[in-house]
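In what follows, every chain begins at residue 1, and chains take the letters A, B, ... in the order their sequences are listed.
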Amino acid sequence: MASKSTIQTVKGTREFYPEEMALRNYLNQKAASAAQAFGYQEWDAPFLETIDLYAAKSGEELVKEQSFVFNDRGGDPITLRPELTPSLARMIAARQPQLAFPLRWWSFGPFWRYERPQKGRSREFFQWNIDMLGVNSPEADAELIAIAATFLQSVGLPPSMATIFVNNRRLMDAQFDALGILPENRLEVSGLVDRRPKMAPEAWDAYALEKGIISQSQLEGLKQVLGNYDLWQSSAELVRLFKALEALGVKEYVKFDPNIMRGLLYYTGTVFEAFDLSGSVRRAILGGGRYDNLLADVGGEPLSGVGFAMGDVVIGIILQEKGLLPAFVPSPTAVLVTIFDESLWLNSFSLTAELRAADVNVTAYPEPAKLAKQFKFADRMGISIVTVIGPDEAAAGQVTVKNLKNSTQTTVERAQVAKTITKILESKG
RNA sequence: GCGGGUGUAGCUCAAUGGCAGAGCGCUACACUGUGGAUGUAGUUGUUGUGGGUUCGAGCCCCAUCACCCGCCCCA
């Protein structure tokens, strides 16, 4: 029982007990595998940055409302990074001439945002970022979408459970123009579209007209556009994108959806978001798109890119709800060496050294105890092989090896223990 | 920042304003050289915190903190 003065965790942070840590590492590893399958390099940036870095490019809300900012001991303001893209821009600009483009980079690390914690959102989270820079084509966009699909597949989410919805900013801008919506109102109209799924149809109509940026007839036209799932056929970019997705073998995962807008300002072409189709979490699993002028504010040459980000929270909830979490095995070793009693303690310890020298990872029970207790510990830790050196084995220079999986045991010469164990481990397939 | 909900044993949850409980877990034993099954016994609390009402508060009132759900924003 913890004392009454237990110090609480910081709001919106999570503690990672071994079980949660295993999930975090699992997501990290699956992200790494998907990225590496496409030839992306791993990189990272500082977790601490100056607020100035974000002031230029990130949205006002992100900087002013949602960043953790504090003064260091010298009085300078420091920000816990709320996103990675500005750091990416700076690092690329600094070495633009000597980097080998196209650049394919990925990263998995912690980020902080000061917002209200709720389902799918915490203040401290881990995010997978992956970008291709220096290429501006629908085929490049398709590659990033294919990476996202590869990841979804690898964690057990088939197209029947998760879909990547795609749209194109330029296509929508053209549609807005055709409806006579003023360019300066595009952003607000996009906001309307973003909000539509969360409101009742009539309420949304009223809300849209209330804003005064759209007429009744424009609203009708907009609804036509948003309901037209064949609209992509009139976009040369999207036609090429879908052909490329087919060639990359991930077509099943992707659907055109004119309702996908994405709030971030810097997207200029293809945009996409992946959702769990059961809808228990109404947030995107991942989201991204194409952006231009990444380096405009940090003094680099013009550079176009495409990328996406995935937080660990939403995907973690979805995998857990669907029973897709990998089985948690508490112990990293498959072997427990028991300590029979005080007199045989070091005898067992020397066995652990012999096994490790033979490349078998082993856990030793740390002190003598009843064998029942030690076996129970092995069971709880998911350890499948237990060795015993009691007085009989010690006298005969032997070791008993028990396989808890099938409850069989054999007693072998000490020199044969490693081989016996290796054989059991291999036979598990 | 705004709105709603919930806080009781390690966990999941009960308890008309009247003795704070169950299941799971944990420990021991049955089985003094063997886990996962079973049985028996044992173990667990400042009912989030601080005030108030009352003869009496887990329950009612106020405040506060934490968490959850939604809005905003977004991974």
From the candidates B:C72, B:G33, B:C71, the one with an atom nearest any side-chain atom of A:Thr400 is B:G33
Tell me whether the ring of A:Phe125 lies stacked over the B:A75 base, given a 5.5 Å limit on centroids and a 30° limit on the plane angle. yes
Nearest-angstrom distance, [atom1] atom, [N] to [M]:
{"N": "B:A63", "M": "B:U53", "atom1": "C1'", "value": "15 Å"}
{"N": "B:C69", "M": "B:U12", "atom1": "P", "value": "15 Å"}
{"N": "B:C65", "M": "B:G25", "atom1": "P", "value": "38 Å"}
{"N": "B:A66", "M": "B:U49", "atom1": "C1'", "value": "10 Å"}
{"N": "B:C24", "M": "B:A37", "atom1": "P", "value": "12 Å"}
{"N": "B:A9", "M": "B:C29", "atom1": "C1'", "value": "24 Å"}
{"N": "B:G56", "M": "B:G39", "atom1": "P", "value": "46 Å"}
{"N": "B:G35", "M": "B:C31", "atom1": "C1'", "value": "13 Å"}

Separation of [N] [atom2] from [X] [atom1] (nearest whole Å):
{"X": "A:Ile318", "N": "B:A75", "atom1": "CD1", "atom2": "P", "value": "15 Å"}
{"X": "A:Phe126", "N": "B:C74", "atom1": "CZ", "atom2": "C1'", "value": "18 Å"}
{"X": "A:Glu115", "N": "B:C72", "atom1": "CD", "atom2": "P", "value": "12 Å"}
{"X": "A:Arg81", "N": "B:A75", "atom1": "CZ", "atom2": "P", "value": "15 Å"}
{"X": "A:Lys373", "N": "B:C26", "atom1": "NZ", "atom2": "P", "value": "13 Å"}
{"X": "A:Lys370", "N": "B:C29", "atom1": "NZ", "atom2": "C1'", "value": "8 Å"}
{"X": "A:Glu342", "N": "B:G33", "atom1": "CD", "atom2": "P", "value": "16 Å"}
{"X": "A:Gln118", "N": "B:A66", "atom1": "CD", "atom2": "P", "value": "16 Å"}

Please check this pair: side chain of [X] against backbone of [Y], looking for a donor-acceptor N/O pair closer than 3.5 Å.
{"X": "A:Arg283", "Y": "A:Lys119", "value": "yes"}
{"X": "A:Gln218", "Y": "A:Leu179", "value": "yes"}
{"X": "A:Thr338", "Y": "A:Phe340", "value": "no"}

Classify the nucleic acid contact of [X] as base, sugar-phosphate or nothing, counting any heavy atom under 4.0 Å across all strands shown.
{"X": "A:Lys11", "result": "sugar-phosphate"}
{"X": "A:Val388", "result": "base"}
{"X": "A:Ala309", "result": "sugar-phosphate"}
{"X": "A:Gly191", "result": "nothing"}
{"X": "A:Glu393", "result": "base"}
{"X": "A:Asn129", "result": "nothing"}
{"X": "A:Thr387", "result": "nothing"}
{"X": "A:Ile285", "result": "sugar-phosphate"}
{"X": "A:Arg380", "result": "sugar-phosphate"}

Sequence neighbours excluded, the answer for ring-ring contact (aromatic ring centres under 6.0 Å, His included) partners of A:Phe176 is none
N/O donor-acceptor pair, side chain [X] with base [N], under 3.5 angstrom:
{"X": "A:Glu273", "N": "B:A75", "result": "no"}
{"X": "A:Gln409", "N": "B:G35", "result": "no"}
{"X": "A:Gln374", "N": "B:U34", "result": "no"}
{"X": "A:Arg121", "N": "B:C74", "result": "yes"}
{"X": "A:Arg113", "N": "B:C73", "result": "no"}

Handout entry: For A:Gln127, side-chain hydrogen bond (donor to acceptor under 3.5 Å, both in side chains) partners two or more places apart
Key =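 A:Gln127 satisfies side-chain hydrogen bond (donor to acceptor under 3.5 Å, both in side chains) with A:Asn129 only.
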Give a yes-or-no answer on whether the side chains of [X] and [Y] include a donor-acceptor pair shorter than 3.5 Å.
{"X": "A:Arg356", "Y": "A:Thr352", "value": "yes"}
{"X": "A:Thr400", "Y": "A:Glu393", "value": "yes"}
{"X": "A:Tyr267", "Y": "A:Asn168", "value": "no"}

Residues pairing under side-chain hydrogen bond (donor to acceptor under 3.5 Å, both in side chains) where one sits in residues 25-50 of chain A, two or more places apart or in two chains, turn out to be A:Tyr40-A:Glu143, A:Gln41-A:Trp105, A:Asp44-A:Arg81, A:Glu49-A:Ser87, A:Glu49-A:Arg90
Using a cut-off of strictly less than 4.0 Å, decide whether [X] has a side-chain nitrogen or oxygen near OP1 or OP2 of [N].
{"X": "A:Lys198", "N": "B:C72", "value": "yes"}
{"X": "A:Arg123", "N": "B:C73", "value": "no"}
{"X": "A:Arg116", "N": "B:C74", "value": "no"}

Working to the nearest 0.5 Å, report the span between CZ of A:Phe308 and CG of A:Asp131.
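Result: 9.0 Å between the selected atoms.
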Identify, with sequence neighbours excluded, every residue that meets side-chain contact (heavy atoms from CB on, under 4.5 Å) alongside A:Asn347.
->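 If we apply the side-chain contact (heavy atoms from CB on, under 4.5 Å) test to A:Asn347, skipping adjacent residues, the hits are A:Leu344, A:Ser350, A:Ile389, A:Ala394, A:Arg414.
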By nearest-nucleotide position on RNA chain B, the 5'-leaning member of A:Thr9 and A:Asp312 is A:Thr9
When A:Asp392 and A:Gly120 are each assigned the nearest nucleotide of RNA chain B, the 5'-most assignment goes to A:Asp392
Of all heavy-atom pairs linking A:Ile424 and A:Ser427, the shortest is O-OG, 2.8 Å
Point to revise | Derivation of the salt bridge (Lys or Arg N to Asp or Glu O under 4.0 Å) call for A:Arg14 and A:Asp312 | key: CA-CA 12 Å; A:Arg14 292 164 295 162; A:Asp312 70 312; 2.9 Å; yes
RNA chain B in dot-bracket form (Watson-Crick or G-U pairs under 3.5 Å, [ ] crossing, | inter-strand) is (((((((..((((....[..))))((((((.......))))))....(((((..]....))))))))))))....
Measure all distances between protein nitrogen or oxygen atoms and nitrogen or oxygen atoms of nucleotides 36-38 of chain B, and list the pairs falling under 3.5 Å.
from  : atom 1 : to       : atom 2 : distance (Å)
B:G36 : O4'    : A:Asp379 : OD2    : 3.1
B:G36 : O6     : A:Ser407 : OG     : 3.1
B:G36 : N1     : A:Ser407 : OG     : 3.0

